[in-house]
Amino acid sequence: MNRALRIALAGLGTVGGGVAKAIVERKSELADRSGRAIELVAVSARDRRKKRAADLSGVRWVEDAGLLAKTDADVVVELIGGEDGLARAMVEAALKAGKHVVTGNKALLALHGAQLAMLAEEKGVALKFEAAVAGGIPIVKALRESLITYGVDAVRGILNGTCNYILTQMEATGRPFADVLKDAQRLGYAEADPELDVGGGDTAHKLALLSSLAFGTVPDTRHMTVEGIAHITPDDIRFAREFGFRIKLLGIARRTTQGIDQRVQPSMVRAGKPLADVDGPFNAVMADAGAAGHFFFEGRGAGEAPTTSAVIADLVDVARGNVGPAFGRPAHALAKLVPAEAGLASTAFYLRFEVLDVPGVLAEIAGHLAECRVSIESMIQRGRSPGEPVSIVMITHESQQASVERALKVIARSDKVKARPCMIPMEAA
Ligand SMILES: NC(=O)c1ccc[n+]([C@@H]2O[C@H](COP(=O)([O-])OP(=O)(O)OC[C@H]3O[C@@H](n4cnc5c(N)ncnc54)[C@H](OP(=O)(O)O)[C@@H]3O)[C@@H](O)[C@H]2O)c1
């Protein structure tokens, strides 16, 4: 058998702990799969005294994770997290030292992926990140190595389990976002600071990586519309159901004639379509691979075992000598992303207005929409107790987003409209 592949592991938390355990406890299976042993030679975390999932008594402890690059490891596995600071420094140091790098760090790669891929290429080493997108779903490898013959026209995904859990619970219980978020935090489905998840930022990082793999562009979060789920109400979810839709936070990247359209936004997905049926903390990705057709991937997007499964798959790839370019094309060939102009996209929209129940309000709203060439396909109006605002909900015909936004800006200024109008695109897939 070939020489063992030596691993230095930074981070022994949820993912790192699982990876350490798998390397130690699944030795012979991994050797069979890799054609060589995979051996943990050094580890680093913050607190040496913390009890760990695996017995690491025979493994060298390195106090400063930055120094793992100086060990005799072949691969440095970064599972600390953070877009800059230690994680970035240690990944750069490892690549410069000619070591392969495996990471689950989407924030780091979304921001610095092109530069790190270039460095890996210069040194002839691998930079792998299957765990960074959609946990255990092998979507990075699928886009990097499998769905390549006909290109990819679009990827759409439910990429954040926290948001999907919250939306699913809001639908099941009829409770508002803030209450369900508190429960999710108590149950460990949401972080104490939930903004990166519920604000859409985490989905944006993952989408930037999918987009790069699909279209051969530099990962780019700057040219992306990003909207979270905090403004979605139980009413929106109920109305969506009446119209035959479910609300999902989608990351969408599409090739258009004007450029790449990247957006993270709550979307209406028609009930019965694959993405509509993805519930709770699950993730899913739909890839439109040209003549090869549509492919749908679903699975656990986070947690110890799914993420460990992804990291180990990368390690086995490296052990077998599969060390091709990080984003599937030579790093120097990744094109600068040319963004499609956001407002030009056309689709149908769900619109909700909270208005005073006074004569003329409906006509006023309809008038402003018509002035902006937005026509209405269907409408629901629901009364409440006297004196309280009522909801007017509309589904538009296919319209340009910029036109709808222009109309909503004017409508929002009316003294009969009591809150910022809610606008959710209807997703065709
Ligand atoms: N959790 C998931 O389901 C999941 C899914 C996909 C991707 N990821 C990504 O995987 C990475 C790790 O996530 P995680 O959930 O495993 O995080 P975690 O449970 O918080 O673990 C972080 C680990 O990093 C160590 N660490 C923190 N600061 C350090 C420092 N200055 N020096 C050395 N070690 C340090 C911690 O040490 P101590 O243990 O001593 O505190 C801990 O072992 C992140 O990039 C995350 O985005 C996570």
Side-chain angles (χ1 to χ4, degrees), residues 8-22 40 42-54 56 59-69 71 76-91 93-94 101-113 116 127-140 157-165 184 187-194 196-197 201-210 280-283 285 299-315:
L9 171 62
L12 293 168
T14 307
V15 189
V19 169
K21 200 163 146 203
L40 194 56
V43 293
S44 180
R46 220 169 0 201
D47 182 356
R48 188 172 187 168
R49 286 155 306 175
K50 226 185 232 181
K51 190 162 164 31
R52 304 295 174 181
L56 299 174
V59 182
R60 179 177 163 203
W61 177 273
V62 176
E63 203 56 50
D64 175 359
L67 296 180
L68 290 176
T71 62
V76 170
V77 180
E78 184 278 307
L79 293 168
I80 289 177
E83 63 192 48
D84 275 300
L86 178 62
R88 184 180 180 191
M90 63 168 290
V91 167
V101 168
V102 172
T103 178
N105 191 335
K106 51 255 172 184
L108 173 72
L109 288 171
L111 275 87
H112 309 294
L116 295 173
L127 170 62
K128 302 233 177 229
F129 54 91
E130 187 64 75
V133 186
I137 302 175
I139 187 63
V140 171
I158 293 173
L159 301 172
N160 185 276
T162 304
C163 290
N164 206 49
Y165 172 82
L187 294 167
Y189 284 121
E191 302 281 343
D193 178 1
L196 189 61
D197 288 320
D202 176 74
T203 301
H205 289 149
K206 294 165 179 167
L207 184 67
L209 300 181
L210 292 183
F282 277 74
N283 279 196
V285 180
R300 293 191 181 273
E304 179 183 317
T307 332
T308 293
S309 155
V311 173
I312 295 291
D314 279 347
L315 287 176

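Just follow the structure's listing: the first ligand is 1, and inside any ligand the first atom is 1. Everything numeric here is computed off the predicted structure, so don't read it as measured data.
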### Query
Taking it one step at a time, do Leu111 and Arg88 satisfy side-chain contact (heavy atoms from CB on, under 4.5 Å)?
CA-CA 10 Å; Leu111 275 87; Arg88 184 180 180 191; over 6 Å; no

### Message
Run Asn164 and Asn283 through side-chain contact (heavy atoms from CB on, under 4.5 Å) and show every step you take.
### Response
CA-CA 8 Å; Asn164 206 49; Asn283 279 196; 5.8 Å; no

### Task
Mind running side-chain contact (heavy atoms from CB on, under 4.5 Å) on Leu109 and Leu127 for me, showing each step along the way?
CA-CA 10 Å; Leu109 288 171; Leu127 170 62; 4.0 Å; yes

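Ligand 1 has at least one atom lying under 4.0 Å from a heavy atom of Ala131. Distances shorter than 4.0 angstrom do not occur between any heavy atom of Arg48 and any atom of ligand 1.
A 4.5 Å side-chain heavy-atom check between Val140 and Leu209 finds every atom pair outside the cut-off. Between Leu196 and His205 the shortest side-chain heavy-atom distance falls below 4.5 Å. A 4.5 Å side-chain heavy-atom check between Leu159 and Val285 finds at least one atom pair inside the cut-off. With a 4.5 Å cut-off on side-chain heavy atoms, Leu40 and Val19 do not count as touching. Val43 places a side-chain heavy atom less than 4.5 Å from the side chain of Trp61. Contact of the Glu78 side chain with the Leu108 side chain is registered, since non-hydrogen atoms from C-beta on lie closer than 4.5 Å. Looking at heavy atoms from C-beta onward, Leu56 lies in side-chain contact with Leu12 at the 4.5 angstrom threshold.
Each of the following atoms of ligand 1 lies closer than 4.0 Å to a heavy atom of Asp47: 40 (O). Listed by number with element, the atoms of ligand 1 under 4.0 Å from a non-hydrogen atom of Ala302 are 3 (O).
Of the N or O atoms in Gly13, one or more lie within a sub-3.5 Å distance of an N or O in ligand 1. The shortest N or O to N or O distance between Leu12 and ligand 1 is under 3.5 Å. Residue Glu78 places no N or O, backbone or side chain, under 3.5 Å from any N or O of ligand 1. Inclusion of Gly303 in the set of residues having an N or O under 3.5 Å from an N or O of ligand 1 is warranted.
When hydrogens are left out, the protein atom nearest atom 26 (N) of ligand 1 is Ile80 CG2, 3.9 Å; that is the closest non-hydrogen contact. Looking from atom 12 (C) of ligand 1 to the surrounding protein, the closest heavy atom is Leu79 O, 3.4 Å. When only non-hydrogen protein atoms are considered, atom 19 (O) of ligand 1 lies nearest to Thr14 N, 2.9 Å. Ranking protein heavy atoms by distance to atom 8 (N) of ligand 1, first place goes to Lys106 NZ, 3.7 Å. The protein non-hydrogen atom at the shortest distance from atom 25 (C) of ligand 1 is Gly11 CA, 4.0 Å. The shortest contact between atom 9 (C) of ligand 1 and any protein heavy atom is with Gly104 O, 3.2 Å.
Remark: among candidates Arg52, Arg49, Glu83, Arg46, the nearest residue to atom 39 (O) of ligand 1 is Arg52, based on non-hydrogen atoms. In this comparison of Gly81, Gly85, Ala87, the heavy atom closest to atom 45 (O) of ligand 1 sits on Gly81. When the heavy-atom distances from atom 1 (N) of ligand 1 to Asp64, Val15, Val311 are ranked, the shortest goes to Val15.
Put simply, atom 34 (N) of ligand 1 has protein non-hydrogen atoms near it, under 4.0 Å away. There is a protein heavy atom less than 4.0 angstrom from atom 3 (O) of ligand 1.
Contacts between Leu86 and ligand 1, counted as non-hydrogen atom pairs separated by less than 4.0 Å, involve the side chain only. Contacts of Thr307 with ligand 1, taken as heavy-atom pairs under 4.0 Å, involve the side chain alone. For Lys50, every heavy-atom contact with ligand 1 shorter than 4.0 Å involves the side chain, none the backbone.
The minimum heavy-atom distance between Thr307 and Ala131, with the atom names listed, is CG2-CB, 3.6 Å. Considering all non-hydrogen atoms of both residues, Asp64 and Ser44 come closest at C-OG, 4.0 Å.
Taking NZ from Lys206 and CD1 from Ile158, the interatomic distance works out to 12.0 Å, rounded to the nearest 0.5 Å.
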